[in-house]
Each structure stands twice: as structure tokens, then as C-alpha cells.
**Student:** 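Just passing along the structure, written as C-alpha cells.
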There are 2 protein chains.
Amino acid sequence: MKPYFDRGGCTIYLGECLEVLPLLDGVGAVITDPPYSSGGAFRGDRTRSTVAKYVQTGTVAYRPEFAGDSRDQRAYLAWCSLWMLAARNASVEGAPIACFTDWRQLPVTTDAIQSAGWTWRGVAVWSKKYGRVNSAGFSAACEFLPFGSNGPAQERDDYPGGHISCSPESGDDKLHIAQKPLTVMGWACRIAPIGATILDPFMGSGSTLLAARLNGRKSIGIEVDERYCEIAAKRLGQEVFAFEEIP
Amino acid sequence: MKPYFDRGGCTIYLGECLEVLPLLDGVGAVITDPPYSSGGAFRGDRTRSTVAKYVQTGTVAYRPEFAGDSRDQRAYLAWCSLWMLAARNASVEGAPIACFTDWRQLPVTTDAIQSAGWTWRGVAVWSKKYGRVNSAGFSAACEFLPFGSNGPAQERDDYPGGHISCSPESGDDKLHIAQKPLTVMGWACRIAPIGATILDPFMGSGSTLLAARLNGRKSIGIEVDERYCEIAAKRLGQEVFAFEEIP
DNA sequence: GCCGAGAATGAATCCATCC
DNA sequence: AGGATGGATTCATTCTCGG
């Protein structure tokens, strides 16, 4: 399959992840931020378009809607199990997986990790310094990063800490509604060995690939929406003037 | 039923929580830190005594075993559902529940909250600044506080934030292997309205009751082990010389 | 009282060994 | 085979103590 973009150790495929994943192998880590299919307690809330259901702060440019964000919990479990299994089949033994999620989908995500045959090994946390106020309990100040490994984990003495505190992305620099700060993605990328290939099956605007590059890891991104492939390719191309292989 | 201790708005019952809970009513919030039944990937590790399975190196003071920490996941779900239901029956409408857990039991705990008829509303996080090293991924730096409410939540504009960072308890002041810092319990107690009665069905050394008192809430603790009732009563008695009702 | 060095600590995990 | 037990390993942060 011909990549949409392939330079400096960063590769982008345009397509459905369930169709692209079976073509890959040698993946050293899976790090991703899939559509949460969250955003409301009721089905009617969940199935609204992503632009409508997530509040867009500030005077930002229009961001395209993103696909695959309207599954109910049962379907979300089945779907996550499928792509996680396909991703595991593409991964080397001992490879880690780390998958962002919010509180609502956290139990389903840990179930899916295990359903797909990964060994679940913990839940790391990104706290946002300030969270959405909540009139019904503690504010929603954290996102969660359940993680695991493909069989016995690689033994290392420099795994990152299980908690990071960082303000969320905002303003005009934000290219995707659910975009994570590079600081957060860089922290997540350090779960992968240096030089390994990090796979992100839900690339979006490409923050995972950019963070991988900045942290000395190779990367593969898959994205179903060509507008986001374009945005990500532009970001990656800008990152280095003379774009060279990662040493 | 005669309380083991009852002064200054703090009440302790000695007994099994499933036997004591049906006798209670008017509870304004449930805040607790039950035995996690965690501590290892293998059944053999989980079923070890709490003194053996939780590290206590060096010259620490001896801390008594605590009971009920060796259930498998199925039994843990069933048991949590039972006591959470009994606690809900003792609670006023709109009362919040918040129950500490570790990463391994988090999905089971949110299932239990919902099985028992509480409305699950989120997951708050205590990050410990440093966590135990992990040779297989991110360090275990956080404990989790899933929370919910008994029906529609009480609307308030002063709910606490969903994240707190605080070092764990240590040294001779730590009376229970799993003792939480007063800072953390105080934060948790602020989920309850001022003046409400906070129920902790797994009192241990009484940190919840002490934090409730220090934050202007009344409290009820249940504990199955008389040694811990004694320790908690002593701590609560010391807190105020002339022990008066909470204003 | 302040500072730095060294010791202590931890709601673990994994493997080897013994029954 | 499988359950129970012993014990090595791990390091950022906190604690202790002397100067």
C-alpha cells in the first residue's frame, strides 16, 4: 500500500485502520487517542456530530468533524477489541500499547485491551491543571492512559512516571477538537524504546507522529479523513527543514 | 446497636459492615477506602496476607493485618455491589459516594457503583508525586476515586477539583498499611455538603472520620477489627481536648 | 536555622523453591 | 501440576541527622 506521506521515519497511510493494520508488521509500540464515543450520558447526546457535541473554545478556525465517534458502549468494546487485536498482530513481542480515554470509557477500554490479548499493566493519568467545572461532583480534571504489553514487557529502567500535569491545548494552534499537547504525547511516546516504530491508528492532526519524531522514535499514522492527512503531513514537513532519517 | 465510640459528631460501630449498614439511615455521603483485594498479577500473590504482600521494609512500626483483602474479581464485584447497595439504602437522595481503588480494581469498582443503583459520575485522581517503580511500563503513581450520586446529584458550585497531588503517608505516624493522608481525605470529604454525615464502612485507622471532623462534617465509621476501632477512637479523642459537637 | 549527604520508604512484581 | 511462600529488585522522594 502506498503511503500518503513517508519522510524522516514518519509514515502516514490514508484509510480505515481495520483495513490498513493487517498490512503492517514490526510495530514497536501502539500509542493512540481514538474517538472516545463519549460526550454525554444519553444516546441522543452521543450521536450528535463532534463539532456540535464538544464545545469549541476560543475563536479558532473551523475544524473538520471526525469520524467514528458515535458508538454505544457495547459496539465501542467490540470495535476497540478488533483494532487492538489487529494492532497486536502487527506488533513485536513485548511491545507496549497505550490508549487515551476519558473516565466514561475507561472500563470498556481496559476490557478491550485484555480482550485483544494484550496484558493490561496499569493506568497512567494526564491531569489538566484545570478541568471543566462539574455541578454534580469532582471536576473532570483528568484523562486516562491505560497501558499494557504484548506478552512479557520489555525490561527497562527508564519507563516514564505514571502521571503528568499539563494544561490542555487551546486557541488557533489547535487543529483537532481532541488534540493533545506535544508535552503529553512526548511523555506517552517514552513508553516505547528509543528508535522503535510507534503506531497511531487514529492519527488525527499527527501529534503522536510529531512527538515520536521529537523523541527519537519512528512512527506510522493511519487516518481515514484526507483533510487530517493533509494537516498532519504539513505539520510533519514543517518540523524539519531538511527532513532526515532519525539517527 | 451500641456504638463503640460516639463523641463530637463522630460515631464508630464495631462490626461487619453488611450487618451494621441496614441499621443506619440519614447518611449524607459515603466516602471510603475498602480493601482492594489487589496486590499482584497472580492469585497466589493476591491471597497472601496483607503484611506479606504489601512491602514494609526497614524499621517501621508493626501494623496489624487487615481483613477482606483476598477476594477474586468476581467476588469483589459481588461484595462491593452488596455493601454499596446497603450504603445507598442508608443514604439520603442525592448523596454522593466516593470509593478509593487502585488501577487494577477500577473497572470493577465502577461496575459495582452502577450495579448498586448509584449513578456513576466520574473518576477523581490522587497522584502521589512518585510511585513505585514499574519494570513493565509507567510507574504506578496514582490511586483512583470513582464517584457518583444517589439519584440526581445535589447542585453546588463548590465541588472540589478532580485531581489532588500529595505524598503518601509514611513513618511511625502511619497506623495502617493503606492509610491515606489527611490532606487527601479532607479533599474527598468536601464532596459532601457541610454539616452532612459522612459514612465510611471500612474505617481502618479512622482518617475519614478525622478529616470529616476537621472539615465540619459529621461522620459514622464501621470497622470489623477491634484493634483498629481502638486506634481510631484514640486518634479522634486526641483531636480535640474538649470534644464538642460540630457547630 | 539552613543545607547536604546518606538512609529509609513504598496498597509491587516476578521468579525460584518447597510442599 | 498447582498452590503457597520467600525473597531480590527498584528509585524518586522524604526523612534524619550532623555540621
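Chain A is the first sequence line, chain B the second, and so forth, proteins listed ahead of strands; every chain is numbered from 1.
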**Student:** Parallel, tilted or perpendicular for Phe138(B) and Phe147(A), by the 30°/60° rule?
**Tutor:**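 Plane angle over 60°, so perpendicular.
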
**Student:** In terms of side-chain heavy atoms of Trp103(B), which of dA11(C), dA4(D), dT13(C) is nearest?
**Tutor:**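 Of dA11(C), dA4(D), dT13(C), dT13(C) is nearest to the side chain of Trp103(B).
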
**Student:** Closest nucleotide of DNA chain C for Ala136(B) versus for Asp69(B): which of these residues is on the 5' side?
**Tutor:**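 The residue mapped nearer the 5' terminus is Asp69(B).
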
**Student:** With the stacking rule set at 5.5 Å and 30°, tell me whether Tyr36(B) counts as stacking on dA11(C).
**Tutor:**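 Here Tyr36(B) meets both the 5.5 Å and the 30° conditions.
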
**Student:** With sequence neighbours left out, what residues match Ala90(A) under side chain to side chain contact (heavy atoms under 4.5 Å, CB included)?
**Tutor:**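 For Ala90(A) the side chain to side chain contact (heavy atoms under 4.5 Å, CB included) partners, ignoring immediate neighbours, are Leu24(A), Val27(A).
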
**Student:** Assign Arg156(A) to base, sugar-phosphate, or nothing according to its heavy-atom contacts below 4.0 angstrom with the strands shown.
**Tutor:**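 If one applies the 4.0 Å heavy-atom cut-off, Arg156(A) turns out to touch nothing in the nucleic acid.
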
**Student:** Less than 4.0 angstrom from a charged side-chain N to a carboxylate O is my criterion; do Glu169(A) and Lys180(A) meet it?
**Tutor:**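 Salt bridge between Glu169(A) and Lys180(A), a charged N being under 4.0 Å from a carboxylate O: no.
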
**Student:** Looking for any heavy atom pair under 4.0 Å, which part of the strands does Glu143(B) touch: base, sugar-phosphate only, or nothing?
**Tutor:**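 Result for Glu143(B) = base.
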
**Student:** Can you list everything that forms a side chain to side chain contact (heavy atoms under 4.5 Å, CB included) with Pro107(B)? Sequence neighbours excluded, please.
**Tutor:**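 Once residues adjacent in sequence are excluded, the partners of Pro107(B) under the side chain to side chain contact (heavy atoms under 4.5 Å, CB included) criterion are Pro107(A), Thr110(A), Trp120(A).
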
**Student:** Whole angstroms only, please: what is the OH-C1' distance between Tyr76(B) and dA11(C)?
**Tutor:**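 So the two atoms are 11 Å apart, to the nearest Å.
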
**Student:** Reckon Tyr159(A) touches a base, only the sugar-phosphate, or nothing at all at heavy-atom distances under 4.0 Å?
**Tutor:**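 Nothing: the residue Tyr159(A), judged by heavy atoms under 4.0 Å, touches no strand.
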
**Student:** In whole Å, I'd like the distance from the OH atom of Tyr54(B) to the C1' atom of dT9(C).
**Tutor:**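 Atom OH in Tyr54(B) sits about 17 Å away from atom C1' in dT9(C).
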
**Student:** Does dG10(C) have OP1 or OP2 sitting under 4.0 Å from an N or O in the side chain of Arg63(B)?
**Tutor:**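 Checking Arg63(B) against dG10(C): at least one side-chain N or O falls below 4.0 Å of OP1 or OP2.
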
**Student:** Show the atom names and distances, to 0.1 Å, of all donor-acceptor pairs under 3.5 Å that link a side chain in residues 190-202 of chain B to residues at least two apart or in another chain.
**Tutor:**
{"from": "Arg190(B)", "atom 1": "NH1", "to": "Gly186(B)", "atom 2": "O", "distance (Å)": "3.3"}
{"from": "Arg190(B)", "atom 1": "NH1", "to": "Asn215(B)", "atom 2": "OD1", "distance (Å)": "3.0"}
{"from": "Asp200(B)", "atom 1": "OD1", "to": "Thr32(B)", "atom 2": "OG1", "distance (Å)": "2.5"}
{"from": "Asp200(B)", "atom 1": "OD1", "to": "Phe202(B)", "atom 2": "N", "distance (Å)": "2.9"}
{"from": "Asp200(B)", "atom 1": "OD2", "to": "Thr208(B)", "atom 2": "OG1", "distance (Å)": "2.7"}

**Student:** Give me the distances for all protein-to-nucleotides 6-8 of chain D N/O pairs that come in under 3.5 Å?
**Tutor:**
{"from": "dG6(D)", "atom 1": "N7", "to": "Arg48(B)", "atom 2": "NH2", "distance (Å)": "3.0"}
{"from": "dG7(D)", "atom 1": "O6", "to": "Arg48(B)", "atom 2": "NH1", "distance (Å)": "3.3"}

**Student:** Among Phe144(B), Tyr76(B), Tyr36(B), whose side chain to side chain contact (heavy atoms under 4.5 Å, CB included) with Thr109(B) holds?
**Tutor:**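 Considering Phe144(B), Tyr76(B), Tyr36(B), a side chain to side chain contact (heavy atoms under 4.5 Å, CB included) with Thr109(B) is found only for Tyr76(B).
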
**Student:** Does a side-chain N-to-carboxylate-O contact under 4.0 Å join Arg74(B) and Asp72(B)?
**Tutor:**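 Looking at Asp72(B) together with Arg74(B), the answer is no, because their closest N to O distance does not fall below 4.0 Å.
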
**Student:** What is the distance from CZ of Phe144(B) to C1' of dA11(C), rounded to the nearest Å?
**Tutor:**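 Going from CZ in Phe144(B) over to C1' in dA11(C) covers 13 Å.
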
**Student:** From Gln154(A) CD over to Ser149(A) OG, what is the distance, rounded to the nearest 0.5 angstrom?
**Tutor:**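 So the gap between those two atoms works out to 8.5 Å.
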
**Student:** Do Asn150(A) and Ser91(A) pair up side chain to side chain, a donor and an acceptor below 3.5 Å, judged on atom types alone?
**Tutor:**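 The criterion, which ignores hydrogens and geometry beyond distance, is not satisfied for Ser91(A) and Asn150(A).
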
**Student:** Tell me, with the steps shown, if His163(A) and His163(B) meet side chain to side chain contact (heavy atoms under 4.5 Å, CB included).
**Tutor:** CA-CA 11 Å; His163(A) 172 248; His163(B) 171 248; 3.1 Å; yes

**Student:** Could you check whether Pro34(B) gets within reach of a base, just the sugar-phosphate, or nothing at all, counting any heavy atom under 4.0 Å?
**Tutor:**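 Pro34(B): base contact, heavy atoms under 4.0 Å.
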
**Student:** Rounded to the nearest Å, what distance is computed from the NE2 atom of residue His176(B) to the P atom of nucleotide dG10(C)?
**Tutor:**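 Taking atom P of dG10(C) as the reference, NE2 of His176(B) is at 14 Å.
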
**Student:** Just to confirm, is there a sub-4.0 Å distance from OP1 or OP2 of dT5(D) to any side-chain nitrogen or oxygen of Lys53(B)?
**Tutor:**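 False: Lys53(B) side-chain N/O out of range (4.0 Å or more) of dT5(D) OP1/OP2.
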
**Student:** Compare every heavy atom of Trp118(B) with every heavy atom of Ala87(B), then report the nearest pair and how far apart it is.
**Tutor:**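 That closest heavy-atom pairing would be C-CZ2, 4.1 Å.
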
**Student:** Please tabulate, one pair per line, each protein N/O and nucleotide N/O from nucleotides 11-17 of chain D that are separated by under 3.5 Å, including the distance.
**Tutor:**
{"from": "dT14(D)", "atom 1": "OP1", "to": "Ser167(B)", "atom 2": "OG", "distance (Å)": "2.7"}

**Student:** Show me the dot-bracket string of DNA chain C, counting Watson-Crick or G-U pairs under 3.5 Å, with | for pairs to another strand and [ ] for crossing ones.
**Tutor:** .|||||||||.||||||||

**Student:** Can you measure Glu155(A) atom CD to dT10(D) atom P for me and round it to whole angstrom units?
**Tutor:**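 To the nearest whole Å, that distance equals 8 Å.
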
**Student:** Report yes if the distance between the aromatic ring centroids of Tyr13(B) and Tyr4(B) is under 6.0 Å, otherwise no.
**Tutor:**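 So the answer is no for these two rings.
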
**Student:** In whole Å, I'd like the distance from the CD atom of Gln105(B) to the P atom of dA12(C).
**Tutor:**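 Distance check: Gln105(B) CD to dA12(C) P gives 13 Å.
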
**Student:** Determine the Euclidean distance between corresponding P atoms of dA11(C) and dG7(D); express it in Å to zero decimal places.
**Tutor:**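 Nearest-Å result for dG7(D) against dA11(C) at atom P: 22 Å.
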
**Student:** Any side-chain N or O of Arg46(B) less than 4.0 Å from the OP1 or OP2 oxygen of dT5(D)?
**Tutor:**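 So the side chain of Arg46(B) is outside the cut-off, no N or O lying under 4.0 Å from OP1 or OP2 of dT5(D).
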
